[in-house]
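Scroll down for the structure; my scribbles are underneath it.
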Amino acid sequence: MDVEGELDAPRPARHVTARWWAATIVLVSLPFVPLMTGAATAVHSDAQEYHLPLWRWIWHRIADGTSPFWGGFDFAGQNVPGIGQGAIFYPPNAIFAWSDTVAAFRWWTMAHVWLAASGAFLWSWSRWRSRPGAAVSGVVYALNGVFVLHFVHVNFTVALAWLPWLFLGLDLLMARWSAGRLAAFAVPLGMVALAGQPQMLWAALV
């Protein structure tokens, strides 16, 4: 499961793998063409009623130079970093500071779909060296019901998108220790933690 073998492969072999990955991204994008073109929106249910208003409030406060750490919108106030759903320390959420919330969520969602598909593709390729198998893995993972149906629970979207990268990093680290391989494991684990969903963090750790 040594991905460096692919890096050392002849250039045509790398190009073939890249084309299979690109095909995977195209296939997982097809169901979301209305979303990407603005004809539809992923904003509904809990995302509309809770998550996105909270994220917009957090990141607009940060952009305005005011503290996002205490919110007065719930009873006597609330410790916002203590709200797991706020994902206040998750870096990609900064897009909500400067973009229209609906448009930001559109591309935030697609970025995590592509992240999930790419992670599943690379993890599968690393383990079994089958390009068609890696493509199937990427498509099935990025379009599976657990992932797609949790678009309304954005913290699950984050954690599920990073899980294949976490497993890839773990495989690499178990095969051979190095600082780079440790980072390949630690960064996805950190992103899962920053997603603010304790259930997914515990599942990932187990």
Side-chain angles (χ1 to χ4, degrees), residues 1 3 21 24-25 28-29 32 42 46-47 50-52 54-59 62-63 68-69 79-99 101 104-127 134 137-175 177-206:
M1 59 184 78
V3 294
W21 167 80
T24 301
I25 296 302
V28 300
S29 300
F32 302 105
D46 286 1
Y50 180 67
H51 296 289
L52 294 186
L54 178 61
W55 285 10
R56 183 182 186 279
W57 181 88
I58 288 170
W59 286 96
I62 293 173
F69 295 119
N79 174 14
V80 177
I83 308 171
Q85 292 87 344
I88 193 170
F89 301 111
Y90 183 60
N93 286 1
I95 191 175
F96 292 95
W98 299 283
S99 302
T101 304
F105 190 54
R106 174 183 302 126
W107 295 111
W108 182 97
T109 299
M110 290 310 305
H112 285 84
V113 170
W114 295 327
L115 182 69
S118 298
F121 180 95
L122 289 174
W123 186 34
S124 178
W125 169 245
S126 174
R127 278 181 163 257
S137 297
V139 171
V140 170
Y141 186 78
L143 298 181
N144 80 82
V146 173
F147 186 57
V148 174
L149 294 178
H150 273 300
F151 282 172
V152 298
H153 306 126
V154 290
N155 310 80
F156 278 91
T157 302
V158 174
L160 289 167
W162 283 103
L163 278 182
W165 295 94
L166 174 63
F167 299 149
L168 173 61
L170 179 60
D171 279 355
L172 294 173
L173 190 59
M174 291 176 67
W177 173 271
S178 73
R181 289 166 181 249
L182 177 61
F185 170 73
V187 169
L189 181 61
M191 291 299 188
V192 172
L194 294 176
Q197 194 68 45
Q199 300 98 310
M200 291 304 300
L201 176 59
W202 281 113
L205 291 172
V206 168

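Small disclaimer: the values here were computed from a predicted structure and weren't measured.
- Looking at Val113 and Val148, their side chains never come closer than 4.5 Å, going by heavy atoms from C-beta outward.
- The shortest distance between side-chain heavy atoms of Ser118 and Ile25 falls below 4.5 Å.
- Trp59 CH2: more than 12 foreign heavy atoms inside a 6.0 Å radius.
- For residues 80-96, every residue pair satisfying the side-chain hydrogen bond (donor to acceptor under 3.5 Å, both in side chains) rule, not counting sequence neighbours, is listed here: Tyr90-His112, Tyr90-Trp162, Asn93-Trp108.
- Scanning for side chain to side chain donor-acceptor pair (under 3.5 Å) contacts around His153 gives Asp46, His150, with sequence neighbours left out.
- Put simply, the side chain of Pro81 reaches to within 4.5 Å of the side chain of Ile88, judged on heavy atoms.
- If you take CG on Leu166 and CG on Leu170, they are separated by 6.5 Å, rounding to the nearest 0.5 Å.
- In this model, a donor atom of one side chain and an acceptor atom of the other lie less than 3.5 Å apart for Trp114 and Ser29.
- Looking at heavy atoms from C-beta onward, Leu163 lies in side-chain contact with Tyr141 at the 4.5 angstrom threshold.
- Applying the side-chain hydrogen bond (donor to acceptor under 3.5 Å, both in side chains) rule to pairs touching residues 186-206 yields Gln197-Gln199, sequence neighbours excluded.
- Looking only at side-chain heavy atoms (C-beta outward), Trp55 and Thr101 stay at 4.5 Å or farther from each other.
- Val158 has its side chain out of reach of Pro92: every pair of non-hydrogen atoms, C-beta onward, lies at least 4.5 Å apart.
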